[in-house]
**Student:** 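Sharing a structure below in structure tokens format, with a few things to ask.
Letters A, B, ... are given to chains in the order of the sequence lines, protein chains preceding strands, and every chain is numbered from 1. Because the structure is a prediction, the values reported are computed rather than measured.
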There are 2 protein chains.
Amino acid sequence: MTDTAPRPTLEAVAARAGVSRATASRVVNGGDGVREPLVARVRRAVEELGYVPNQAARSLVTKRHDAVAVVIAEPETRVFADPFFALQLRGISKELTAHDNQLVLLLTEGRDDHARVGRYLAGGHVDGALVFSLHLDDPLPGLIHHAGVPTVFGGRPGWSDGRGGAVYVDSDNRGGAREAVRHLAALGRTRIAHITGPLDQTSAADRLDGFRDVMGDIDPGLVVESDFTPAGGERAMRRLLERHPDVDAVFAANDLTAAGALRVLRERGRRVPEDVAVIGFDDMVAVAEQTDPPLTTVRQDIEEMGRLMARLLLRRLGNKGVEAGRTGTPSSVVLPTTLVRRASA
Amino acid sequence: MTDTAPRPTLEAVAARAGVSRATASRVVNGGDGVREPLVARVRRAVEELGYVPNQAARSLVTKRHDAVAVVIAEPETRVFADPFFALQLRGISKELTAHDNQLVLLLTEGRDDHARVGRYLAGGHVDGALVFSLHLDDPLPGLIHHAGVPTVFGGRPGWSDGRGGAVYVDSDNRGGAREAVRHLAALGRTRIAHITGPLDQTSAADRLDGFRDVMGDIDPGLVVESDFTPAGGERAMRRLLERHPDVDAVFAANDLTAAGALRVLRERGRRVPEDVAVIGFDDMVAVAEQTDPPLTTVRQDIEEMGRLMARLLLRRLGNKGVEAGRTGTPSSVVLPTTLVRRASA
DNA sequence: CGGCCCGGTGAGAGCGCTCTCGAATCGTGA
DNA sequence: TCACGATTCGAGAGCGCTCTCACCGGGCCG
């Protein structure tokens, strides 16, 4: 219990099974090329001794770790207010454990942490990395690329340099936004506004693009930049009502923003959806189902994104068991979104 | 970039600095007992070569991994709908990285996973574990104890067996509940009800105990068991109104439940807080600030809980740098809660 | 019937690091 | 001045594992 009984080694297993260490090793790693009776004997010895391979010794020679890092770079507390990463983590975790890989979590905040993470990844402690880095000016992708660690990004990284080599998994922010706005238009709304997210994040920028795809060149006053927070949503909605008292629909860049907007609308006596229809983005149920009225929103399958990220990475690492892609490096994936109709639009 | 340049070894550093591998090792690990000029030379060599110690080789001999597992055992999706674990993880992460420890995340769902986790921990891949296991009947604590891995629990584990040896960090659920109920009483409420959480979780049970501490032996119909979800809160509130139409205050076991209750109250035309005062628990801002009216609730410092868990574990692992506890195994810690007054009570 | 090939097995060389131990160096007190 | 203790450094033995390579035996072809 408390005192650490010395763990049995491969040597011990071999001795007990009456074979060499080499043969024992072969059996432990699949048993190819070992005749049945011996396989059985080794297996039994493993069982009886409760042998578990020493991972450190193993990776010392194989140079593999069967571990991948998940880097979540978010200076802002905001992120933790939504279950986004939690769900993504769950998807990642499922896929990784299904292929016997460990998940090393790296949370960063602040610039100094970037260096630390870069050093860690460059240190070769993990076979690859899954990185969430949503800001345009983030130095992390560069550091990681420099470190030469196989990486898959969560969300399209907004690199300025020309290389399109980055593999990422993203949801169809632009398409989802289009669908939302089209829905508002189909409802007969004509003064449709958009409260954006921080435009240095590709997801926010893409949603704005989708909005513009449908609306064309509209009064720029109908687009208000915000920051993905409820408070920001409130501010933006207030400004919107000042500039355009006749607004009859709002597409908010995420659910939190929409919740803030809803509150201001109620406070100003506007009925939702009768006077103003509102659509959010994300489908964070804890928020979208709690608003008054419940929020119509664009859902993205967050857990699936995580699973996919892990799968792409493992494939790239040449992990057996993962169905092989056609050839070489797998390419990025963009997942579809769906409109979830509740009461607000 | 793609091809893995062979990482420099200690041997290389030693050669470049003109010292032995042993001395280079000493410098890398603090440099005690090495004279200044040599220290400087080795440091420079490390710098120039970009040397990073091979962790696998190191732990092969030290039998330490400088890594701890974080086990989150939650079959239910519910958990991921709140930022509870995210915040806790952040606290844990901060403390661990401050002491150069890695965080290996183990997410489980379903019984079979338990065995996997047990095997992993027993496999000696990590130095210790931080475990969130909130259910009374959870086999995990037993498995872990059996594996002999130093562990700190998040939340008081509800063990039936007699051993009080488990170290845990919890918030003062009972005290917080008392404060909430006293607040309601101070408001002049007399028909105070409680919507509980799942009573197989110690946090829910403790909150109920706190409620009883203040209310004494009341009409059992004023206590309704629920499940920490908004939908459950709605159901419970409905039942409550049927049985006790005269209820004038509700203490909900968490914010999500309170949100559900609020919705039912509004739907039934009860004004909050005029007719019925409502208090939640947790202070999940994303929820508590969004409800109508904003929710009065009991806050627990979740991030601090995480940080503390990590600190206790590191101390127990004899990690230098962590201020030493007085003697031996540190004991559990219960963190205070605070009442956050918003509009609902 | 002999040589050859081939699948199955074991011996042994490291992987990169820490740590013990003895050698070398330096100072100090008598 | 010389012995002796303290300090600093290097040589070398592993930690537990994988993997190459040589070895051995039996089946098959010539």
**Student:** Walk me through whether A:D127 and A:H65 qualify under side-chain contact (heavy atoms from CB on, under 4.5 Å).
**Tutor:** CA-CA 6 Å; A:D127 299 329; A:H65 301 85; 3.3 Å; yes
**Student:** Before accepting this row, confirm whether a basic side-chain N of the pair A:R307/A:E95 lies closer than 4.0 Å to the acidic partner's carboxylate O.
**Tutor:** no
**Student:** Using a 3.5 Å distance criterion without hydrogens, assess whether the side chain of B:H125 forms a donor-acceptor pair with backbone atoms of B:L121.
**Tutor:** no
**Student:** Is there a residue in residues 34-48 of chain B whose heavy atoms reach under 4.0 Å of DNA chain D, and which residues are they?
**Tutor:** B:V34, B:R35, B:L38
**Student:** State whether the side chain of A:S93 and the backbone N or O of A:G91 hold a donor-acceptor pair below 3.5 Å, judged by distance alone.
**Tutor:** no
**Student:** Could you check B:R26 against A:A24 and say which one's nearest nucleotide on DNA chain C is further toward the 5' end?
**Tutor:** A:A24
**Student:** Dump the intermediate steps for side-chain contact (heavy atoms from CB on, under 4.5 Å) on A:Q102 and A:D66, then the final yes or no.
**Tutor:** CA-CA 6 Å; A:Q102 293 311 317; A:D66 293 321; over 6 Å; no
**Student:** CG of A:L89 to CD1 of B:I72: how many Å apart, nearest 0.5 Å?
**Tutor:** 8.5 Å
**Student:** Tell me if the aromatic rings of A:F85 and A:F132 count as close, with their centers under 6.0 Å from one another.
**Tutor:** yes
**Student:** Please identify which of these residues, A:V131, A:L308, A:L312, meets the side chain to side chain contact (heavy atoms under 4.5 Å, CB included) condition with A:V152.
**Tutor:** A:L312
**Student:** Any chance you could measure A:R16, atom CZ, to A:E48, atom CD, to the nearest 0.5 Å?
**Tutor:** 4.5 Å
**Student:** Please compare A:A22 and B:G18 by the position of their nearest nucleotide in DNA chain D and report the one closer to 5'.
**Tutor:** B:G18
**Student:** Quick one: CG on B:D113 to CG on B:L140, what's the gap to the nearest 0.5 Å?
**Tutor:** 10.0 Å
**Student:** If you take any heavy atom closer than 4.0 Å to DNA chain D, which residues from residues 57-69 of chain A end up in contact?
**Tutor:** A:A57, A:R58, A:L60, A:V61, A:T62
**Student:** Hey, where on DNA chain D does chain A first and last touch, going 5' to 3'? Cut-off is any atom under 4.0 Å from a heavy atom.
**Tutor:** D:dG16 to D:dC19
